[in-house]
Protein chains: 2
Amino acid sequence: MPRFRVPEVTVERLSIYLRALKKFSDDRIISSQDLAEIVGTTDAQVRKDFAYFGEFGIPGQGYRVGKLKEEIIHILALDKKWNLALVGVGKLGSALLAYPGFRREEFKIKLAFDVDPGKIGKIIEGVRVEDAKRIPEILSSNQIEVGIITTPAEVAQEIAEKLVEGGVRGILNFAPVRLVIPENIKLKNVDLSMELETLVYFLSR
Amino acid sequence: MPRFRVPEVTVERLSIYLRALKKFSDDRIISSQDLAEIVGTTDAQVRKDFAYFGEFGIPGQGYRVGKLKEEIIHILALDKKWNLALVGVGKLGSALLAYPGFRREEFKIKLAFDVDPGKIGKIIEGVRVEDAKRIPEILSSNQIEVGIITTPAEVAQEIAEKLVEGGVRGILNFAPVRLVIPENIKLKNVDLSMELETLVYFLSR
DNA sequence: TAGATTGTTAATCGATTAACAATC
DNA sequence: TAGATTGTTAATCGATTAACAATC
């Protein structure tokens with residue numbers, strides 16, 4: 001569907017545009033300038049981002065909010081339902097199980113895994129916790145597309161391999177470690193320590 | 001100290017290099033190629049990143065791990081202690097209060113804030129929870145440099161303003177909203193929904 | 001000295017910004 | 001028609017990569 005190779009930052013901005021658009025009624029018309037202002041970019045950037053995927057606007061007018069929302073939802077593949085599994089039901093993992101941004105129509109955390117016998121078999125935040133040893137086996141029979149890793153760094157690589165074995169096609173990794181996985185698997189890292197360290201760098205100048 | 005304007009991605013990589021270096025003994029010599037391999041970049045990138053800040057290597061040999069670690073620690077200003085405050089002691093906020101990456105020598109979450117009277121006055125994960133109304137007042141008397149926002153999106157802007165009023169110089173924002181703050185305040189956003197949405201985009205191709 | 005790797009400059013690549021013809 | 005804003009091409013900017021003289 002995209003006309004050319006799409007930069008990752010463009011996809012990230014589409015997600016931001018979509019969130020902004022949800023605040024407006026579907027029949028309102030919004031210009032690239034208005035939208036740029038709201039999300040903190042430029043009108044040229046907004047138009048360029050959309051241009052990777054098609055022509056969604058009305059020259060001389062702007063973009064119809066309802067139509068634009070639909071298009072972005074389709075581009076981001078949020079018009080289908082994604083099944084997720086989370087591994088590592090510690091404090092951060094439990095918080096993410098309950099996180100509203102992960103609990104939406106489009107996303108369903110179907111399974112959680114942990115190694116702690118005290119947690120296995122329990123239901124935490126509405127999700128049943130299974131034995132992490134059984135990841136490949138249980139995933140295969142559940143059509144899970146995305147794995148979320150919230151384990152300690154030391155075991156994250158091993159868990160990633162089990163997730164891949166179980167058939168996930170994407171991994172969202174919160175463990176502070178660079179995972180090595182097959183290149184056909186999409187990996188996104190959320191590196192909280194790095195964010196904080198980068199922040200204080202800029203404060204020290 | 002930096003010779004030129006430093007790209008943000010370079011600072012982010014310094015944080016990653018540092019984490020990798022911690023696994024080696026101080027007197028070992030490591031080449032830019034070795035380090036690049038470990039963190040998944042190129043030797044040229046590694047050398048270029050360091051070159052913004054000085055000459056830390058030995059031509060013909062490589063970098064002494066101990067020396068390189070010290071230099072990066074100094075660059076990132078991790079040789080001083082940073083005082084943090086966290087606002088919004090929900091599930092995510094509580095998880096971050098306990099997060100090992102935020103609980104280190106260099107970082108001290110001194111205060112937490114919430115609006116819930118059931119939480120105010122309590123001690124959660126070792127941190128005393130104060131009334132969010134009193135942010136400016138309490139921060140001023142506590143030398144807090146960094147604020148972490150883990151509130152719902154609707155109140156995040158208002159909280160950001162109170163943090164700025166209280167004198168923070170940097171904000172790490174987990175609320176899914178683009179904050180508007182003075183430009184002398186450094187803002188980093190951690191946007192979990194965006195990460196997940198971007199991930200599934202790539203799975204849908 | 002020969003071999004290896006740094007630090008730096010120049011070349012390349014890719015993303016952002018500017019400009020404007022097309023179109024409502 | 002006049003005014004406004006899109007979609008797209010070209011210009012600019014900035015980061016990555018390649019190449020190599022300097023140096024251990």
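Lettering follows sequence order; numbering is per chain, from 1.
Between A:Pro59 and A:Thr42, the residue anchored nearer the 5' end of DNA chain C, judged by the nucleotide with its closest heavy atom, is A:Thr42. Summary of the strand contacts: A:Thr10 and B:Arg47 both lie near DNA chain C, and taking for each the nucleotide with the nearest heavy atom, the more 5' one is attributed to B:Arg47.
Residues A:Glu161 and A:Gln157 have side chains that bring a donor and an acceptor to within less than 3.5 angstrom of each other.
Atom CD1 of A:Ile29 is separated from atom P of D:dT6 by 10 Å (rounded to the nearest Å). Rounded to a whole Å, the CG atom of A:Leu68 is 12 Å from the C1' atom of D:dT6. Counting to the nearest Å, the C1' atom of C:dT17 and the CZ atom of A:Arg13 are 12 Å from each other. One can place CG of B:Asp43 at 12 Å from P of D:dA19, the figure rounded to the nearest angstrom. D:dT6 atom C1' lies 14 Å from atom CG of A:Asp49, rounded to whole Å. Between B:Tyr52 atom OH and D:dG14 atom P the separation is 11 Å, expressed in whole Å. In this structure, B:Glu8 places its CD atom 18 Å from C1' of D:dC13, rounding to the nearest Å. One can place CZ of A:Phe56 at 8 Å from P of D:dG7, the figure rounded to the nearest angstrom.
For A:Arg64 and C:dC24, the shortest distance from a side-chain N or O to OP1 or OP2 is not below 4.0 Å. The side chain of B:Tyr63 contributes no N or O atom lying less than 4.0 Å from OP1 or OP2 of C:dA4. Taking only side-chain nitrogens and oxygens, B:Arg5 comes nearer than 4.0 Å to OP1 or OP2 of D:dA15. In terms of phosphate contacts, B:Gln45 brings a side-chain nitrogen or oxygen within less than 4.0 Å of OP1 or OP2 of D:dT17. One finds no side-chain N or O of A:Gln61 lying less than 4.0 angstrom from the OP1 or OP2 phosphate oxygen of D:dT6.
Base pairing of D:dC13: its partner is C:dG14, meeting the Watson-Crick or G-U wobble criterion (both donor-acceptor distances under 3.5 Å). When both distances must be under 3.5 Å, the Watson-Crick or G-U wobble mate of C:dA22 is D:dT5.
Counting non-hydrogen atoms under 4.0 angstrom, B:Phe50 reaches nothing in the nucleic acid.
Nearest nucleotide to the side chain of B:Lys48, out of C:dT5, C:dT9, C:dT16: C:dT9. For A:Ser32, the side-chain atoms get nearest to D:dT6 when compared with the rest of D:dT6, C:dT17, C:dA15. Closest to the side chain of B:Ser31, out of C:dT8, D:dT16, C:dT5, is C:dT5. When the nucleotides D:dT8, C:dG7, C:dA15 are ranked by their closest atom to the side chain of A:Ala51, D:dT8 comes out on top.
Here CG of B:Leu14 is found 12.5 Å from CZ of B:Arg19. Values are rounded to the nearest 0.5 Å. Note: B:Phe107 CZ to B:Tyr99 OH = 11.5 Å, rounded to the nearest 0.5 Å. Of the inter-residue distances, the one linking B:Ser204 atom OG with A:Arg169 atom CZ reads 8.0 Å to the nearest 0.5 angstrom.
For B:Thr10 (side chain) and B:Val6 (main-chain N/O), no donor-acceptor pair under 3.5 Å exists by modelled atom type.
Within 6.0 Å of NZ on B:Lys69 lie more than 12 heavy atoms contributed by other residues, nucleotides or ligands.
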